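Quick note on labels: first sequence line is chain A, next is B, and so on, each numbered from 1. What you see is a predicted model, and the numbers here were worked out from it, not measured in a lab.
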Amino acid sequence: MLNKLTLQNNEKEQIKILRECFVRKRNELSNRITKSLLSMAFENRFTLHPRRLKELGLEETKNYQEFLTHLNIDKAKQIGRGHALEGLGVKPLLSIGNILRDSMICELEPQYSTILKLSEKLLDTYLSSYLLGFMTSREDQTLKEQEQIRKALSTALEQQRRELFIKNHAIHTYVNGIMLTNLEGSITYVNPAFLKMWCYDSTEEVFHIEIIRFLGADFNELMNVLKTTGGWQNEFTAHRRDGSSFELNISASLIKDDSNEPIGVMASFIDSTERKRLEAQFRQAQKMEALGQLAGGIVHDFNNLLQVITGYTSLEMMNAPRESDRYNNLMQIKVATERGKGLTEQLRFFTRQDTGKARTICLNDVVNETYNLLKRTFQPETQIRLTLDKDLRSVKADPSQMSQLLMNLCVNARDAMIMNKDAMKASRPRKTEENILTIETYNKDIDKTLAQLYLNAKPGKYICVKVSDTGIGMRPEVIERLFEPFFTTKSEKSGIGLGLAVVYGIVRNHNGFFDVQSTLGEGSSFEIFLPIFEEPAKKQVEEQHKPSLTHGKGAVLIVDDDSQMRELAVTTLKQCGYHTIVAEDGVEALSMYKKSKAEIDLVILDIIMPKMGGWECFRKLKELDPDIKVLIMTGYTTDGSVDDFLKEGAEDVILKPFDLETFTNMVNRVLKA
Amino acid sequence: MSPEDKVRNIADASKPNAGRIYDYFLGGNHNFEIDRQAAQPVLQASPFLPSLLKMIRWFLGEATRRLCEERYTKFLDFASGLPTVDHIHQVAPKGTKVIYSDIDPVTVAYANDIIGNNPNVRYVHCDAGKPEDLLNSGVIEELFGKDRKIAIGFNGIAWFLPDEPIDHYMDVMYEWAEKGSKLFTCDANSTGLSENAKTIMNQYAKFGQPFYPRTMEKLQELVKPWSVTEPGFMHLEKWMDMENIVTQETQDAWSWGGIYGVFLTK
């Protein structure tokens with residue numbers, strides 16, 4: 001219900017006159033109000049546009065005229081409220097009231113004196129209601145705006161709290177170590193990554209430790225640098241609580257307050273051990289690449305030179321009397337060039353860009369063969385342990401290269417354990433006195449993260465063969481040069497420094513990668529990773545190579561202590577039409593040859609055997625029958641004895657592991673010769 | 001200053017804040033006693049300042065009225081401040097679509113409170129120096145559809161930005177807007193600016209809002225490739241048909257060219 005002003009009876013008549021009077025004054029009144037409002041434009045709030053003031057003059061006049069008609073007090077209040085919301089200032093408002101009062105009371109013509117009282121009453125009611133609405137609205141508006149800023153304040157505080165929480169959480173969960181200190185160098189905070197990095201269980205433990213231990217430098221020096229440059233960095237080998245060491249990279253900066261005044265220091269700790277290792281590996285790979293290219297060029301040119309030297313030496317030897325000094329001298333040149341050829345052959349391994357005769361193999365087979373050979377050739381004091389994964393996946397590799405790779409690693413491992421043992425003991429005590437050589441194989445999936453840890457590694461499925469020893473270990477500077485051709489720590493007689501260069505070449509040529517770990521006094525381990533090779537089963541059947549064996553005739557005496565090897569040779573040769581006889585060692589072979597000399601056309605002789613080895617057996621067989629045909633069959637030799645067999649009249653040498661085609665072809669060729 | 005720092009700054013009642021002092025000069029209630037105290041020396045040195053700031057605000061209303069009369073029905077406004085009763089969507093005829101923007105997240109939050117669920121109005125966060133952030137957002141197409149012939153507000157912000165972002169803003173907006181679009185802006189003419197005025201500006205800058213006064217020639221260069229619409233650069237009172245009181249006062253006190261507004265067209 002509207003709040004209306006009630007008039008007395010006599011006033012009802014008077015108001016009609018008042019309205020008439022107002023209508024006459026309306027235009028003048030409107031102009032006066034507009035003019036006044038425009039002159040006070042800046043007294044209003046910014047929200048009230050000057051253009052609106054022109055409308056407001058007329059509007060105010062209409063409003064009062066409406067009031068005179070309806071006497072609606074609430075409407076007057078509403079008008080006041082509306083103007084307050086628009087931004088009408090108090091001064092302009094009062095000026096509107098004054099103009100109305102002047103016009104309707106002070107400037108009223110004498111004939112309207114009877115309505116003066118009523119005019120005064122109505123004007124007071126109108127203006128007081130108008131003012132009440134205005135003031136209430138202004139108050140509401142002020143309260144609303146202040147509420148808004150309170151809300152802004154609380155939102156900002158909430159946001160600040162959230163921001164602080166995020167920052168705290170970020171520091172707390174940051175993967176690198178974070179340390180905060182005050183300006184005196186006392187630690188005030190460390191994050192969990194810091195505790196883990198340094199092997200501490202709680203922050204309280206850290207607070208009691210001298211800061212120099214963590215910074216690797218004096219705190220005052222750090223502050224001096226920070227004050228001048230704003231940043232400080234340090235790299236050093238740090239020691240954890242448990243005594244282990246790691247490479248540390250620290251960056252520190254000043255923490256400043258709002259006035260840009262320093263209030264503390266924040267230091268970030270990064271364990272750079274892996275990064276440094278990778279950098280070293282990368283440098284080494286670049287070096288090896290360069291060495292490989294260099295070696296490749298040398299091998300080519302050097303072989304040409306050797307060929308010329310050998311050729312002319314042979315020509316000269318043909319013209320020289322056999323027993324003459326000249327002949328002997330030429331022979332020395334020839335022997336030297338042959339040794340030179342041997343060296344270039346090994347260097348070729350290092351530089352070769354192909355994988356030899358690669359085929360799908362299980363590396364466990366190669367490890368087993370190598371193991372059989374090692375246990376016979378290594379001193380008994382070297383224990384050889386095998387830990388082979390029976391589910392090892394296949395790789396595509398040249399078995400003979402794999403065999404050489406393993407042999408080179410194992411021989412090095414053995415040498416690390418027994419070479420100059422006494423001298424090493426005196427200078428660098430070993431953790432264990434036992435010589436344990438371990439060969440392990442296992443499958444390994446290399447993901448993106450792991451791949452980053454190894455040089456040349458790509459994510460994928462690999463097999464790994466790991467050769468570990470309990471030797472004296474290697475110094476970092478030795479590890480750095482480990483794979484360089486002709487780099488050796490052995491005596492001149494024991495090695496020329498090509499063993500690991502060959503390993504490097506073989507691994508790279510098989511798209512593999514490796515990792516070397518060594519601790520002085522504890523031993524070394526070489527992990528060789530080779531990508532697995534999975535042939536689709538069907539395709540494998542289709543493409544399976546059917547061996548084409550060479551058939552022939554004759555009787556063959558097979559001498560080998562390995563029963564499986566004997567059996568394989570017998571089966572194969574029988575299949576090809578040969579008659580076979582077997583002997584387990586040299587003694588038995590001699591005995592059988594003596595008995596059946598006329599029937600035996602060829603002896604296939606293993607070198608390393610119990611009771612009587614191949615060499616002794618070979619000499620004695622030759623004594624019995626200088627024309628005897630002997631084919632030497634061996635797994636591996638490092639001492640050049642194979643050449644000696646050939647020099648002494650052996651027909652040929654076949655290296656294990658061999659394929660049966662080569663084997664039967666060679667037997668046939670030797671028998672036909 | 002990052003948005004977080006700005007929020008912290010606005011809410012920090014222990015230190016005077018440039019935004020809150022500006023509000024006080026305009027006669028608002030979004031300020032604290034510390035702001036009112038900090039404003040006094042500035043007011044004493046330059047008593048005309050509140051009137052000057054009001055005129056800048058009124059130029060927005062003036063521009064809106066003029067552009068609405070020219071039948072522009074879509075407005076894109078930068079550095080809008082709080083959309084109070086005098087703002088575009090209040091002044092423009094019903095159905096006019098308006099996108100407001102401001103760099104201050106608190107203003108954006110409360111502006112959205114004020115607007116409520118008005119289907120023709122949006123209020124988003126945007127740095128006026130990087131208009132592409134707003135142009136590339138989905139809000140434009142959502143409210144304006146494919147129409148790019150629009151009215152653009154860049155009012156009361158130019159002196160708070162260095163030359164480079166203004167140059168960037170004008171280029172980006174020109175590239176984006178359709179032919180026939182209009183842009184209104186105002187700036188101060190710093191030619192001959194007195195040392196006294198510079199001191200006052202530096203004093204205000206300490207509260208977190210630096211000034212970048214420039215000559216009219218410089219602004220004319222920066223607004224290119226937009227074309228200046230007749231009658232060109234005019235003092236704000238002229239645009240609103242008011243007596244030339246405030247500009248004269250400021251020119252007398254600061255020896256500069258006063259504040260002028262301009263309409264630009266593509």
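The choice from S51(B), G61(B), P50(B) that makes the most heavy-atom pairs within less than 4.5 Å of chain A is S51(B). Chosen from A41(A), P50(A), G87(A), the residue pairing most often with chain B at heavy-atom distances under 4.5 Å is P50(A). Between chain B and the residues R45(A), K144(A), Q141(A), R52(A), the largest count of heavy-atom pairs under 4.5 Å involves R45(A).
The salt bridge (Lys or Arg N to Asp or Glu O under 4.0 Å) pairs that include a residue from residues 31-58 of chain B are R20(B)-D35(B), E33(B)-R36(B), R57(B)-D86(B), where partners are two or more places apart or lie in different chains.
Under the rule for a ring pair (Phe, Tyr, Trp, His ring centres under 6.0 Å), F184(B) has no partner lying at least two apart in sequence or in another chain.
Applying a 4.5 Å heavy-atom cutoff, the residues of residues 62-79 of chain B that approach chain A are E62(B), R65(B), R66(B), E69(B).
Other residues, nucleotides and ligands contribute only 12 or fewer heavy atoms inside 6.0 Å of the CE atom of M135(A). Within a 6.0 Å radius of NZ in K35(A), other residues, nucleotides and ligands contribute 12 heavy atoms or fewer.
Atom CZ of residue F42(A) and atom CZ of residue F48(B) lie 12.0 Å apart, to the nearest 0.5 angstrom.
Neither the backbone nor the side chain of L38(A) has a heavy atom closer than 4.5 Å to any heavy atom of chain B. Looking at L143(A), there are no atoms closer than 4.5 Å to chain B (heavy atoms on both sides), in backbone or side chain.
Side-chain contact between W58(B) and R51(A): absent, with no pair of heavy atoms (C-beta onward) separated by less than 4.5 Å.
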Atom pairs and distances, side-chain donor-acceptor, residues 177-184 of chain A, under 3.5 Å, sequence neighbours left out:
| unit_1 | atom_1 | unit_2 | atom_2 | d |
| --- | --- | --- | --- | --- |
| N182(A) | OD1 | E184(A) | N | 3.0 |
| N182(A) | OD1 | G185(A) | N | 3.0 |
| N182(A) | OD1 | S186(A) | N | 2.9 |

